[in-house]
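Accompanying notes for the structure given below.
All values below come from the heavy atoms of this structure, side chains included, with hydrogens, waters and symmetry mates left out. Here is how names work: the chains are called A, B, and so on, in the same order as the sequence lines, proteins then strands, and each is numbered from 1.
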Amino acid sequence: MYIDEFTNHDIAQLFAAIADLMEILGEDRFRVIAYRRAATAVSDTPMAITQLYQNQHLDRVEGLSKGMAEKIAELFVTGDIEYYSRLKERMPVGVRELLRVPHIGPRTAGRLYNEVGITGLADLRDAIDNGRLAQIKGIGARTVAGIREGIDAVADREERTLLLHAWQMGQALLTEIRQLPAVIDVAWAGSLRRGQTTIGDLDIVVVSHDPRACAVQISTLALLVKPMVQETRVMARLQNGMTLEVQVCAPATWGATLAMYTGNDAHRLWLQKQALHHGYTLDRDGLYRHGVVYDVPDEVQLYALLGMAWIPPELREYYIADVLPPQTLAPLLALGDMQGDLHMHTTWSDGNGSIAQMAESARVRGYTHAAITDHGALIGVTNGLDSKRLRAQRLEIDMVNAEYHAAGVDFHLLHGVEVDILVDGHLALPNGILHELDIVVASPHINLRQTPEVATQRLLKAIAHPAVDIIGHPRGRILGGRLGAPVDMERVIVAAAHHGVALEVNSGPDRLDIDGELVQAALAAGAVISVNSDAHDVSNHAWIEQGVATARRGGATPAQVINTWSLPQLTSYLARERHK
DNA sequence: GCCGTTTTCGGCCCGACTGTTTTCAGTCG
């Protein structure tokens with residue numbers, strides 16, 4: 001039995017590798033999809049697959065078919081999957097790295113191996129440098145340039161985990177740790193607590209009266225893979241492939257330890273400097289005065305002892321060096337401030353939920369309103385709506401609203417659209433229909449490889465359009481996938497502020513576009529922002545938490561985020577802006 | 001490979017755009 005050797009992450013990687021190799025080898029694409037689905041099913045499972053297997057509960061893994069469960073059994077029994085071995089004989093595994101590079105799909109990856117012998121990113125770089133790549137039929141100068149551009153964006157992708165996935169794992173860990181008898185309190189630290197868009201390692205700080213005993217208890221949790229205990233610290237791997245570090249401290253040092261583990265490095269050094277300045281020394285074990293531990297039961301007291309107001313973790317990277325923090329910071333946007341989600345899709349275009357289902361899911365989250373913004377007609381696969389279908393959709397939205405109204409429920413749906421911003425900045429729907437809608441989100445989806453000037457003009461033109469209320473995921477970046485359009489965001493922000501158009505923080509886990517830095521710039525210029533889920537399924541509404549974290553990193557206060565406004569306030573904003 | 005059955009096999013995600021061609025293959029959303 002090889003059962004202890006595989007985490008969920010390992011198994012998902014194996015299925016993904018099989019799918020990639022099959023695709024490169026030109027196998028039936030529906031079989032490829034089957035393996036991909038299995039990879040997703042496994043990595044979406046919080047419980048250890050090994051444990052489910054031992055309890056004969058693999059059939060409880062949602063989305064995992066019987067055939068794929070058998071492959072997992074084969075892996076646990078023999079240590080390998082025979083089909084995978086046979087694929088590897090036909091195509092080196094390294095070739096699948098090439099698929100991550102923009103402009104290289106399975107066919108090209110296969111040709112790069114067969115015709116030039118390229119087996120990985122390093123080979124690909126060499127082939128670009130020595131001109132071998134340009135010699136391949138069908139790959140011209142522009143494609144080579146595109147590949148050269150994309151290769152670096154892709155290189156560090158494997159190392160980091162998307163905020164959403166780290167968040168989910170962090171939640172699961174907190175829940176389990178909290179139930180241990182020796183635990184008084186527990187919190188995330190590190191980049192997860194700071195709300196970074198991608199996370200390296202997961203850091204957690206725990207408070208206990210008996211830190212050593214508590215560390216041992218933590219090491220027994222089923223979520224941990226190969227845990228190691230060093231006095232009051234636990235190191236382990238997690239099922240999703242991340243590395244975990246848990247530090248247990250005594251109640252008296254909680255404030256100091258949590259702040260030191262939250263960081264970042266620069267903020268940590270700055271805190272230590274401030275401590276010295278006030279006659280203390282500060283390290284991960286606590287705050288000391290004349291060599292004696294000084295009680296700091298929480299972070300607020302730590303910052304107070306160092307002569308300043310508590311700084312929310314999301315802003316700590318910005319408060320470093322000689323920058324003096326304000327004595328009181330305005331409260332940042334919180335999840336509870338959100339009154340409406342203004343960007344979501346339904347089965348009318350490419351979503352999975354009906355209008356009524358998406359509305360109810362938004363209402364249950366505590367919103368008073370939400371906007372249905374299906375795709376406008378342009379992108380084929382999204383089944384976009386033209387004017388005629390949008391008018392038909394209006395009737396269904398009116399009906400849902402009427403039902404809420406009749407039931408005396410305080411919830412209202414706005415009718416909107418997510419319209420494509422075309423290459424030249426024109427919108428993909430006629431002005432007539434755009435003006436009929438309650439709200440218009442305009443987003444760039446295709447042709448994201450433009451020169452900076454053209455890409456910028458494209459957005460500026462859309463912002464100037466009188467019907468546009470929100471610019472959706474302005475750069476179109478995909479985390480770990482592509483950088484997005486080379487837009488001059490400074491000019492875009494100025495224009496958005498001028499025209500009263502909101503810039504979106506899209507909460508899609510691989511988007512988080514715009515990010516914290518741009519939020520900060522936008523707010524400084526007087527623009528408003530809109531934090532939206534871009535949900536295509538009722539379950540996606542939860543993504544808003546990562547969007548809120550991103551807005552917080554930009555220092556957004558509730559008033560600066562149009563989603564916190566009451567329906568009357570939002571409606572008057574939409575009306576005023578439309579008649580400009 | 002999986003699903004849902006008219007339970008034995010056909011359908012499953014397809015259309016636009018790009019770059020390279022000279023009529024289209026491949027990538028992307």
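Taking atom CZ of A/F30 as the reference point, atom P of B/dC13 lies 7 Å away to the nearest angstrom. The CE atom of A/M68 sits 13 Å away from the C1' atom of B/dC3 (whole-angstrom rounding). As rounded to whole Å, 13 Å separates atom C1' of B/dC2 from atom CD of A/E70. Rounded to a whole Å, the CD1 atom of A/I478 is 15 Å from the C1' atom of B/dT27. Per the geometry, NE2 belonging to A/H445 stands 15 Å off C1' belonging to B/dC17, to the nearest Å. Atom CZ in A/R37 sits roughly 13 Å away from atom P in B/dC12 (whole-Å rounding). Put simply, CG on A/L64 is 10 Å from P on B/dC3, counting in whole angstrom units. Atom OH in A/Y35 sits about 8 Å away from atom P in B/dC2, given to the nearest Å.
Taking atom C1' on both B/dC12 and B/dT5, the two are 15 Å apart, rounded to the nearest angstrom. Look at the C1' atom in both B/dT20 and B/dA25: the space between them is 9 Å, to the nearest Å. Comparing the C1' positions of B/dG11 and B/dC17 gives an interatomic distance of 27 Å, to the nearest angstrom. Taking atom P in both B/dC13 and B/dT7, the straight-line distance is 23 Å, to the nearest Å. For the P atom pair drawn from B/dG10 and B/dG15, the interatomic distance equals 22 Å after rounding to whole Å. Comparing the P positions of B/dT21 and B/dA16 gives a spacing of 24 Å, expressed to the nearest Å. With C1' as the reference atom, B/dG1 and B/dT8 are 15 Å apart, rounded to whole Å.
Pairing of B/dT8, defined by two Watson-Crick or G-U wobble distances under 3.5 Å, is not identified with any nucleotide.
Taking the six-membered ring for Trp and thresholds of 30 and 60 degrees, A/F15 and A/Y35 have ring planes inclined between 30 and 60 degrees apart.
A search for side chain to side chain contact (heavy atoms under 4.5 Å, CB included) contacts involving A/P452 returns A/P486, not counting sequence neighbours.
Here A/A19 lies out of heavy-atom contact (under 4.0 Å) with every strand.
The existence of a salt bridge linking A/D59 and A/K66 is excluded, since no basic side-chain nitrogen approaches an acidic carboxylate oxygen closer than 4.0 Å. Between A/R132 and A/D123 there is no salt bridge, since none of the side-chain N atoms of the basic residue sits less than 4.0 Å from a carboxylate O of the acidic one. A salt bridge links A/E360 to A/R363: one of the charged nitrogens lies within less than 4.0 Å of a carboxylate oxygen.
Relative to the side chain of A/A34, the nucleotides B/dC13, B/dC2, B/dT20 differ in distance, and B/dC2 lies closest. When distances run from any side-chain atom of A/P102 to the nucleotides B/dC14, B/dG19, B/dC28, the shortest one goes to B/dC28.
The backbone N or O of A/L52 lies less than 3.5 Å from no partner atom in the side chain of A/H57, so there is not a single donor-acceptor pair.
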Close N or O pairs between protein and nucleotides 22-26 of chain B (under 3.5 Å):
residue, atom, partner, partner atom, Å
B/dG26, OP2, A/R107, NH1, 3.3
B/dG26, O3', A/T108, OG1, 3.2

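Between A/T143 and B/dT20 there is a side-chain N or O to OP1 or OP2 distance below 4.0 Å.
Where A/V101 and A/G140 each meet DNA chain B at their nearest nucleotide, the meeting point lying more 5' is that of A/G140. Heavy-atom nearest nucleotides on DNA chain B were determined for A/S65 and for A/I136, and the one closer to the 5' end corresponds to A/S65.
Applying side chain to side chain contact (heavy atoms under 4.5 Å, CB included) to A/L163 and the options A/T197, A/I199, A/L479 leaves one that passes, A/I199.
Taking CG of A/D424 as the reference point, atom CD1 of A/I421 lies at 11.0 Å (rounded to 0.5 Å).
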